[in-house]
Structures are given as C-alpha cells and as structure tokens.
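Within every chain, numbering begins at 1; the chains are lettered A, B, ... in the order of the sequence lines, protein sequences first and strands thereafter.
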Amino acid sequence: MSTLVLLTLTGLGLGALYFLIASGLSLIFGLADVLNFAHGLFLGVGAYATWWAATYAPFGVAVAVGVLAGTILAVAVELALIRPLYARPIQQVLVTVGLSAAGVALLQAGWGADPLTFTKPGWTATTTRVLGAAVPNDRFLLIGAAVAVFAALLLFLRRTRYGLIVRAGVEDRAMVTALGIDVRKAFTVVFAIGGAAAALAGALAATYFGSITPGLGGSLLIFAFIVVVIGGMGSLTGCALAAVLVGLVQQFANYYAAAGVGEASVVLLLAVVLLVRPGGLTGRTAT
Amino acid sequence: MTAIVKRWWPLAALAALVCVPYLQIPVPGVLPDVLNRPGSLQLIAICLLFAGFAVTYDLLFGHTGLLSFGHALYVAAGSYTANIVVTKLHWGWGPALIATAGVGLLLPVLLGAVALRVRGIAFAMVTLAFAQVGSILVMSARITGGEEGLSLSDTPEIFAGVANTFRLYWLALAYLVLVVLVVRWSVESEPGRVWRAIGDNERRVTVLGLSPYRFRLLSYVLSAFLATLGGVVHLLLLGGSNPQITTSAFTVGLLVMTVLGGAGTRWGALLGGVLYTYLDQRLAALAGSDAVAGLPAAVRLPLEQPQFILGVLFMVVVYFLPGGLAGLSQHLAGLSRHWRRAT
C-alpha cells in the first residue's frame, strides 16, 4: 500500500512537471502554430536563474527571479525572432531549433556541462507520512504549483478579455483577425505565459532532481511534446489530463517492469491514442 | 563550354574524391594532417558519410515535405543491429548485413504506418517520441552497452587497422554516391513526382485517386532504409556504436545540414552535410588555437562551443537565405548574369 501511495504521488509530481512545460507549449501551438523547441531553453534559463538567485535570496524570491528571467526571454524571443516569420510555421520551428542549440551551448559556456548541485530548500528536503508512506515534500510542491497554474490559466482563459481572444484565436484565427482584433498581441501573451510556466518548471525540476544541467530542458521537452499530442493541441484540460496519465504510466511501468519500460509505454500510449483518436484526447479547443 | 562543365562537374568532383588517398598534399589548418594521411581521410570520410545522411533526410524533408525528428533512430538501428550480431552473437558479417537490412525495412514500415496517420507538426512530435524510446532503450539495455556504447570486436579484414583508413574513406564515398543516385532516381521516378505533388497540393493528389498516405510511407521507408545502411558505414568508420547517434540532437543536426544547404535542391543537403560536419569537427580544434585563447572570456567561451556557432549560423540562414547555400549560388548566378547584361 505504501509503495502504491508513493508511486502515485511521485507520478503525479512528474505529471505536474510535464503539465507546467506542456501547458505553455500547447497554448503557443494552439494559437500561433509554433512548435517551440526553445521551450526547453526557457526551462533551462529559469533553472539557472533560480540557482544563481538562490545563493543570495530565500527560495521563494529565487523562484520569482527564475520565472521573471524565463518570461523576459520568452517575450524577447517572440518579438524578435518569431514575429518576423509570422505564418511560416516550418521556418519558425527551424528558428526555435537553432535558438535552442545556441542557447543551450551558451548555458554550457557559462556554467559548464557538468551538473550543478541545487540545495533543496528546508521544507522540501523532508518527508511527510501519507497512509504509511514517507513521501518527499517536493512532490507536494510540484503538484501544488501545477494545480495553482492550471487554475490561474483557466481563470485567465475564461474570465478575461485576453483569454477570450486566445480561445477564439485557437478555434479560428482568421475569423478573429477579420473582426479587427490584433491576434499577434495575444501571441506575445501566450509566449509570456509559456515562458513563465516553463521557467517555474525549471526551478521546481531543480528542486526535484537536486541538480541542474544545460540539457535538462531538452530531455523534459520530449515528454512535454508527447503530453501535448496526447492531450490534443491547444487544449489546456486535455493537457492536464494527459500530463497526469503520462506521469503515472511512466512511474508505475518503471517500477513494476524495468527501468526504461516506463518511457516505452508512454510512447506506446501515444501510438494508441493516435490510432484511436488522431486529434488527441480532447480535440482542438482552448479549454 | 559551360554546358560541358555543368554536365560533367559532378563526375570530375567524384574522380577527384576517389583519388584523394593518392594525393600527398599538405593542407595546414584546413585538415589535421597531410591530405592522404589517416587523420585527414577519417575526417573527410565522416563529412561524406554525414552528407549521405543529410541526403536521405532531404528525401523526407525537402522532397516529400515530412518534418521528421526521428531519423537518428534508423542510423542507430543500422549501427547497433550490425554491431550486436557481430560482437555479441558472433554470427559474422553476412548474417549481420541481412539482419540490418531486415530491421531497416521492418522498423520504418511499422513506425511509419503509425506516425504518418498524423501530419505536419504532430508527425514531427510523434517521430521524436519514437526516436526517444529508441534512445532510452539503447542507453538502458545491457546488450547495447548502455551509455558507454559498444565497440566493434570483429572488423572485416580489409577495413582493419589505421593503414586501411583509405578503404573506409572509399566506403563512405561509395555510400554517398549510392544515396545520391538512389534519391535522384527515386525523386525523378513516378512516385517521386507524386511526392512533389503532395507537397504542392495534397487535396489535388487525393482527388486524382492516389493515396498520399501510401506514397508518404514509401518515401519514409526508402529514406529510413538508406539511413540504416549508413549506420553500418558509421559503425565501421568509428569502430563501434555510440549512443550519441540515437539522440534527437543527431536528427536536429541532419535537419540543420539540410536547411543550411537548401532543402529539396539538387546538391543542397550534400553541401550542407559536408559543411556542417566539417565545422562541427574542426571548430573545436580552432577554438583551442592561440588566436581564440587570447580573447576575453565573454567572447572566448561561446566561441568554444561549436553548437553555439552552428545554431547562430543556422538562424542566419533561415532568416536571410531561405533557399540555403544552394539558393545563394543561384542568387549569385542571377547577379552575375545581370551584371554581364549590364556591361
């Protein structure tokens, strides 16, 4: 029983991490049709900024610094690099690929290729007993952060004017433009949201893994892509469902079968979803 | 005269490349050693081999319009299948080649049949996911040697030893020629015209009664099969299988080569492959040179990262040279024509 609880909570924690990365990817893809390979870089920058700030400030402030760095980078990338290539999705993908390679190389130039140790802040280094299982507290931090971001994004999408534009844009961008609304402002907004969420994921991943490397974002990004496809591109709820599913499947298969089987079963899950429902779990809507 | 040059220069270039092992020309700075020494031949062979990989990738990306992030899987499949059969099972090279060919056909048929159910960016993500599983399996399994890789125990006699590097060089050259010929032939064949038509207007192809799905699958399998064969050349050239070739970074490298040279053009992918691989291999040596060591840290550290320079170069090409280097040469030809007419 205690193993089951621990596996479930760890799986949910992993799913929370995936959700933080995939929600931004999904919104960016849904609205702007940009498959953002630089998302892993946003995550990496968030993680390194948090690591840097954590030596001077308490954990909460450090995370805020990391999130700020990720947001600024994401907005800058959108304005300077993505916008000139508006409506040319393949070129946009290529630019984010180049940016990701160059950016990760810069992180490596600055801080080296070796992992940097990230000291877990006080509370997350301890465990809590849940139904007889000693669960490390960083899982709760991850899950809590993901739930908060999910709720905030839902509120944003359903209750604000920009959220309305984003939802409408995902559904039919041409129509929104025809009604005289500048969708490109909404592009910047979703990039800012995506960058912030990815940077938050970076800071929390640093806490979760206890170390950071320049390639951290790249390896997590692939699973985030899988989550986006399973969830249905552009759908936030689908994304959350898929993230939980992928996190749990990966954790359980890795424990009960063998290391590596978890990753394989996640991709099998992807194949099955694509065969049965090519549009993902939810199809394409922004809520 | 120019017509003759245009018609025959590929053959002339090929003849020159075949003769390279006989040419004792010093090329200081450009290559690590005199032109026909093993070190230089190895470097050129790697450039040629990767040019071949880039051409197989261009068959997908440039000629069929499929953006795949999983091409590395097939290179790795070729390298590891042959290596495992020879090194772990001790069955010898005949069965190894048969097994590799089988895997090179079966694997892309199975995976392509699933991945091609979605299109565009989703296809890119699905291929990425498949390749990632391959990468994780290779890195965690025991039979593949995990993260250490697997060195080849039994190199065929004619390729063994440093003294025979020139034969490996010829092998890489032969692979490149084979790939270029097969891709050229297939693109100009009937299915090749359908691939192009799918890229231009898919609905029209469907209305004409053809199934784009099947033609895409054909292109996917052909490209993957050629990449698998290249994996065997890679295995021989490097004397082992390295998990590096399973990663998505490897595929991204092929994509960069193709776009750098000009996707879907006659020589673009080949040129891009040679240039990228050369820079990737030599920038590290250049970064270690005295000229760079004297620079301040803020300039020196990024310059020591080949990936930084290549990434930036790639972005510059995407923005300012949409047709890649091949587009540049056409652009220059157009300019010179213009200039001649003006004078």
Do Phe19(A) and Leu14(A) touch side chain to side chain, with heavy atoms closer than 4.5 Å? no

Residue Gln307(B) versus chain A: region with a heavy atom under 4.5 Å: both

Residue part contacting chain A, namely of Val259(B), when any heavy atom lies under 4.5 Å: side chain

Chain A: which of Thr247(B), Leu137(B), Val126(B), Val312(B) shares the most heavy-atom pairs with it under 4.5 Å? Val126(B)

Measure distances from Val266(A) to the heavy atoms of chain B and classify the residue's part below 4.5 Å as side chain, backbone, both or neither. neither

Look only at the side chain of Thr96(A) and the backbone of Phe37(A), and say whether a donor-acceptor pair between them is shorter than 3.5 Å. yes

Side-chain (Ser223(B)) to main-chain (Ser219(B)) donor-acceptor, under 3.5 angstrom: no

Residues of residues 99-109 of chain A contacting chain B, heavy-atom criterion under 4.5 Å, by residue number: Leu99(A), Ala101(A), Ala102(A), Ala105(A), Leu106(A), Gln108(A), Ala109(A)

Verdict with supporting geometry, Phe252(A) and Tyr255(A), ring-ring contact (aromatic ring centres under 6.0 Å, His included): CA-CA 5 Å; Phe252(A) 274 89; Tyr255(A) 183 80; 8.2 Å; no

Under 4.5 Å heavy-atom distance to chain B, tell me which part of Leu85(A) shows up: side chain, backbone, both or neither. side chain

Please look at Leu270(A) and chain B and tell me whether the side chain, the backbone, both or neither of the residue comes under 4.5 angstrom of a heavy atom of that chain. side chain

Tell me whether Ser211(B) contacts the main-chain N or O of Arg214(B) through its side chain, where contact means a donor paired with an acceptor under 3.5 Å. yes

Is the backbone N or O of Gly273(B) less than 3.5 Å from a side-chain atom of Thr277(B), with the two atoms forming a donor-acceptor pair by type? yes

Give me the contact list for residues 248-255 of chain B versus chain A, heavy atoms only, anything under 4.5 Å, ordered by residue number. Ser248(B), Val252(B), Leu255(B)

Mark yes or no for whether Ser211(A), through its side chain, and Thr117(A), through its backbone, hold a donor-acceptor pair below 3.5 Å. no

Sub-3.5 Å donor-acceptor pair from the side chain of Ser79(B) to the main-chain atoms of Ala76(B), do we have one? no

Can you tell me which portion of Phe130(B) sits under 4.5 Å from chain A's heavy atoms? Options are side chain, backbone, both or neither. both

Please determine whether the number of non-hydrogen atoms from other residues, nucleotides or ligands lying under 6.0 Å from atom OH of Tyr213(B) exceeds 12. yes

Would you call Arg184(A) and Glu78(A) a salt bridge, using N to O less than 4.0 angstrom? no

So, the side chain of Asp58(B) versus the backbone of Gly264(B): is there a donor-acceptor pair under 3.5 Å, distance only? yes

Taking Phe215(B)'s backbone N and O only, do any of them form a donor-acceptor pair with Trp195(B)'s side chain (distance below 3.5 Å, no angle check)? yes

Is a donor on one side and an acceptor on the other found under 3.5 Å between the side chain of Thr64(B) and the backbone of Leu66(B)? no

Phe308(B), part contacting chain A, at a heavy-atom distance under 4.5 Å: both

